[in-house]
Each structure stands twice: as C-alpha cells, then as structure tokens.
Amino acid sequence: MEIEEKKYSVFQNIIYLIKESLKYDRRILIYSIIAIITGVVIPVFGIYLPKAAVDLLTEHADIQRIAIVLGGIVTAMLVIRGVGAYFGSSRYYFYNSMRKYFMRKLFFRSLDSPYAYNESGECRQKYERAFEAVAWGDNSGPTVFYNKVPECISSIICFLLYSSILSTLHIAVVILLLVSALIIYFFERREAACYERTMDEYAKAGRRLRYTRDVCDDVKMGKDIRVYDMGNWLTGLMRLLQGRREKVLKKRLNQEYVTQIVGCVLNFLRDGIAYAYLIYMTLKGHIGMGDFMLYFGAITGFSDWVIQIIWNIGSIKTGNIQVNYIRTFLEIPAEDIEKAECRLPNISDGVEIEFSHVSFSYPDSDKETIRDLSFHIKKGERVAVVGTNGAGKTTLVKLMTGLYKPTEGVIRINGTDISKISKKDVYSLYSAVFQDIMILPFRLDENIALKVREEIDEERVEEVLKLAGLYEELVDRKISQDSYMTQMLSKDGVTLSGGQQQKFLLARALYKEAPILVLDEPTAALDPLAEKEMYEKYEKLCVGKTALFISHRLASTQFSDRIFFMKDGCIAECGSHEQLLDNGGEYAHMFEVQSYYYNADNEVREEAAAWK
C-alpha cells in the first residue's frame, strides 16, 4: 500500500510546528521570541560598547560620564544575558518535551492507522524513519527547528543591521562578504542533498543492526546460538551492518569536510581584504578610532552572522527533511473505528457469519489470496478451517474480524454488511487466540483483562483461569494476580511453558466474553498430544459460542461441526469430519498422514499406562 511522501517547504513546516506548539505548550513560542530578542540586542550592544569607550576617551570625558555610559551599557548587557540564559535553559526542557510529544503522536498513529497499512513493509520503514527523525536528541527534526529558526531570525536581523553599518564604509565590503557567503551556501546545499540521499540507506542498515542485536540479547535465542555455533556468524553480520552505516556516515563526513575547508579558505580571504581596507581608511584619516572599532567589530560580526545564517539554513533544511518524514507518517489516514452507517444487529441469541463472493489481494500483488469465497456459518456452529501453509486461512480471519476490507464481495454479521458497522462493534464480537504469543511485562491480572487495574474484575480473572485449567498450576507456584509476567522488567517475573501460555491466552479470550471465538493456529508450537488436550478444553469452553478453529494440523477437526478445507484461497472441500473422510479427497489424505502421529502418541500413552 503506497504511502504518499510529503514534501513541505521550510515555511510550511514552521507554521505546522507553531500550531503543534500551541496545542502542546505555548510557552515554547514565548521563549523562542525572547531568544530572538536577546540574540539581536546582545551583539548590537557588543559592537557599540568599544566605540563608545574609545569615543569617550578621545573626547576626554570625565570619569563620572564614562562610568554612567559604560556602566549602563554593561549592566544592560548583563541583564539581557541573564534573561537569555534563564529562558534558554527552560526552553531546552520544552524542546525535549516536544520530542516526546511527537514520539507519542507517532506511536498512537501506528495504532490508529488501518491495519493493512501497519502490516506493509513500506509503513514499517516509514515509521522507523520518522521515529529516528524524532529520537536523535538535539539533532532531531523538531528540535532543530525550535533551536535554529530563532537563531536564524536573530542572525538575519543582525546581518541586516551590520550590513547597514558596513555600507557606510563602502558597499564593496558588503558585496565581498555576500559573495563569499553564497559560495559557502552552495556547498552547504550539497551537504544537505548528500544527507537526504543517504537517509533511507542509513535507516535500513540501522533497523537491521538493531534486529540482529536484539536477537543476540534475547535469552531465548541463547540455546540456538550456542548449539549451532552462530556466534561468529552473528558477530560478522553485525560488523557488516555497522560497516554499511559507517560507509553512509563517511559519505556525509567527506561532504562536510569539503564544506568546512572551503569555508575556512573563504573566511581567511574575505576577512583579510576587509581588515586591510579598514586599516587603510583609518591611516588616511577618513574614519576615527571610534568608528574603526565599530567597523572592526561589524566586519568580525558580519562574518560570524553570515556563517551562522548558512549553517542554520543548512541545519533547518536537514531538519525539514526529518519533519517531512514525521509528517509523512502522521498523515497516514487514521481509522475511525466508531464510524458507522448502521448499528450492530441484535446478537442476543448468537452470531452468524456470511461470506458472499469475497475476494482479497494484498497491495502490489497481482495474485488473489482469497478468491470468490462464499460460505455461511450458523449461530453457535463450530467450524474448523484447515489447509496447508499459504492456503489463505489467516487472511480469512483478518477479513472476518474486520482487519482487512475485501477487494470484492460482502461479509455479513447476522445479515448486516460489516463495512456498515463500526469497527469498534465488529471487534467487540471476537475473542481470539493467535499463534503469536503476546504476554506483556505487566501484572498477571492486567494481562488477562487488558485493562487498567481499577477496571479489572478480580473474581472474573480467577474464574477464567480456573476454566482454562491454569489456576491450580499458578497457585502451586505461588503466583498471584499481582505477579508480574515475563522477566523483561522484573527478575522475578513469571515465565510459562508452551502449554501454560496457551491456557493463559485462552483465559484472556474467555475474560472478554465475546460471542465469537477465533483460534488462529494457537497450538502450532505444541506437540500433537498437548494440542489434542488443548482442543478438548476449547471444545468444552466454546459451548454456545460461534467458534472458528484455524489450523494446518487436524487436531481441531474432530471437535467441529463442519470443516472448510482451503486450497489456493478457495474452499476446496466442505463437510463434517466423517463426510470428508468418506469423500477420500485431499482432506482425507492429509488426515491419514497426520493421524499417524496422534495414533503414535496414543500408543505411547497406552504402553506407559500398562507399565504402571
């Protein structure tokens, strides 16, 4: 799914950040205005102070007048510097707060954008790029704008003031300084263009490097790393990825060095010529010593302002690229899960699901994953959807639960098109146990209820743990609802075996009390015997619910009312377990192959019982 790349101008992004600041904390703008004022007043006082001192001395002013004039200027400068320093330190705090504000916005947009966007590799890449554009501390896009734009405005004002002063000396001096500035600006543009060209390459290498590092840090991977002697391979891979990042950084640094060398040479020539002319004018008596000090300070300051303007413009352009990355992701359309054309139909006596000529293909794919699929699941019916990997089973679940929209056809809940019902209502119909284990490093009761603690029904948590067959095991291990899960944040965190994890997820699904239970290959990591026992438990607990069992193994089929055997995105066979066996088709062949393992387990169990 293609995501439009945003190309906003610097001015447009300044307006955008001002609006965001007004939403978050308008003090950021007040502090920025103070920074502009102090950034202009202090250097202007600075170049006039030596002139005032020299003029007073050449005029043979009395001590009292010298003390009043110079003391007043110095006192004003100190006060303004103090104000600038105080608000500058406070401003830094707000800049960091704004970075966290944008991090939250990016995170929540990743949650409320359509699920199809989130699954695409392009979306994940753009999220990574946008997050890096915020996470780089003082070099992050928003912080660069909040820092450099006020500095740039101050520099431009000072540049204009100093230009007006120097033009009274000779306009050629101003032209000389401007020409050198334009040459440096040209090299700054090349440096910014190099940064933009390498941004995606740098982010891609960084993402792979972090993933490899996470694999190395994951305790669960330790067995594989040791047994397969993966240490040297992973170390080499990390070196390779670090090398790619360093190669990108080298490109950027080379361009930066060229810019710095050109700048140093031009600064030397520019200032040398200007100072020589100033000395000549003084020796000829065209300007006095006070004016000499003023022009000398203005030339020095002018060079600094030109350099600062150029550097600030370069930083702002780089920051503009990053802000565009942020806005590209933030402007992915949010999904309004409460938008609806009609209300949820009455489900008090159960839920039935109908697919009518439904087809679906993934973005940028010519192949249909689901092809002209039609079926009807009755209220309270238990249906097993089986087939080989890639048959479209998981895609079917995502369509049914409203995560995907059909390319063609209609999906109905109790006769109502789900595209006309709010996503929130559609999601409320389903409790699901997926093959991917999601246990968060929070308290046990929070993991079951997936709510803040004040909203958790503790009695209900205990009840569903008992129903799932996990309560006694937790009690034996002295694990309470206050216990923290996983050892990610707590060294005493609870870890569960594969079978216990499935019971835990089943308890979570039961807590929700939704009318439809979806089990998407939840037992894929279990052995056949444990899988069979788990499905026996599912069978007892889904009484009265419409249930869908998704699997490429056939342990679930004997507990189901009906079986859909999927192949190439279609239902190739449909019927009860006995009917499909009698038909002697692909389902019967698959069952015959897999039943060997279940029979073997039963024989082992019988032999073990006989030995006892």
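Residue numbers start at 1 and run along the sequence shown. Since we're looking at a predicted model, the values are computed, not measured.
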With a 3.5 Å distance limit and no angle check, can you tell me whether [X] reaches the backbone of [Y] through a side-chain donor-acceptor pair?
X    : Y    : answer
S431 : L517 : no
E455 : V452 : no
R109 : I332 : yes
T546 : G380 : yes
R508 : N447 : yes
S140 : A135 : no

I'd like to know whether the aromatic ring centres of Y16 and Y8 sit less than 6.0 Å apart in this structure.
no
Side chains of R477 and L496: does their closest heavy-atom pair fall under 4.5 Å?
yes
With a distance cut-off below 6.0 Å to the six-membered ring centre and an angular limit of 45° from the axis, does K126 pair with F329 as a cation-pi contact?
no
How far apart are the closest heavy atoms of F102 and P142, and which atoms are they?
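Looking at all heavy atoms of both residues, the shortest contact is CD1-CG, 3.8 Å.
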By salt bridge (charged side-chain N to carboxylate O under 4.0 Å, His left out) - contacts of D336 (at least two apart)
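Partners of D336 by the salt bridge (charged side-chain N to carboxylate O under 4.0 Å, His left out) criterion come out as none, since no residue qualifies.
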Which of V383, V386, V385 passes side-chain contact (heavy atoms from CB on, under 4.5 Å) with I563? It is V386
Does R460 pair with E463 as a salt bridge, N-O distance under 4.0 Å?
yes
Less than 4.0 Å between a side-chain N and a carboxylate O, is that true for R129 and E132?
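Looking at E132 and R129, the cut-off is not met.
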Measuring from [X]:[atom1] to [Y]:[atom2], what's the distance to the nearest 0.5 Å?
X    : Y    : atom1 : atom2 : result
D372 : S356 : CG    : OG    : 8.5 Å
L467 : Y511 : CG    : OH    : 13.5 Å
N414 : L429 : CG    : CG    : 8.5 Å

Using distance alone, with no hydrogens and no angle criterion, decide if E458 and Q481 have a side-chain donor and acceptor under 3.5 Å apart.
no
Picking from K567, E592, H577, what satisfies side chain to side chain donor-acceptor pair (under 3.5 Å) with Y587?
H577
Check this for me: R239, atom CZ, are more than 12 non-hydrogen atoms of other residues, nucleotides or ligands nearer than 6.0 Å?
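Not more than 12 within 6.0 Å, no.
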Could you please spell out the steps behind the salt bridge (Lys or Arg N to Asp or Glu O under 4.0 Å) verdict for K405 and E335?
CA-CA 12 Å; K405 292 182 180 179; E335 185 176 46; over 6 Å; no
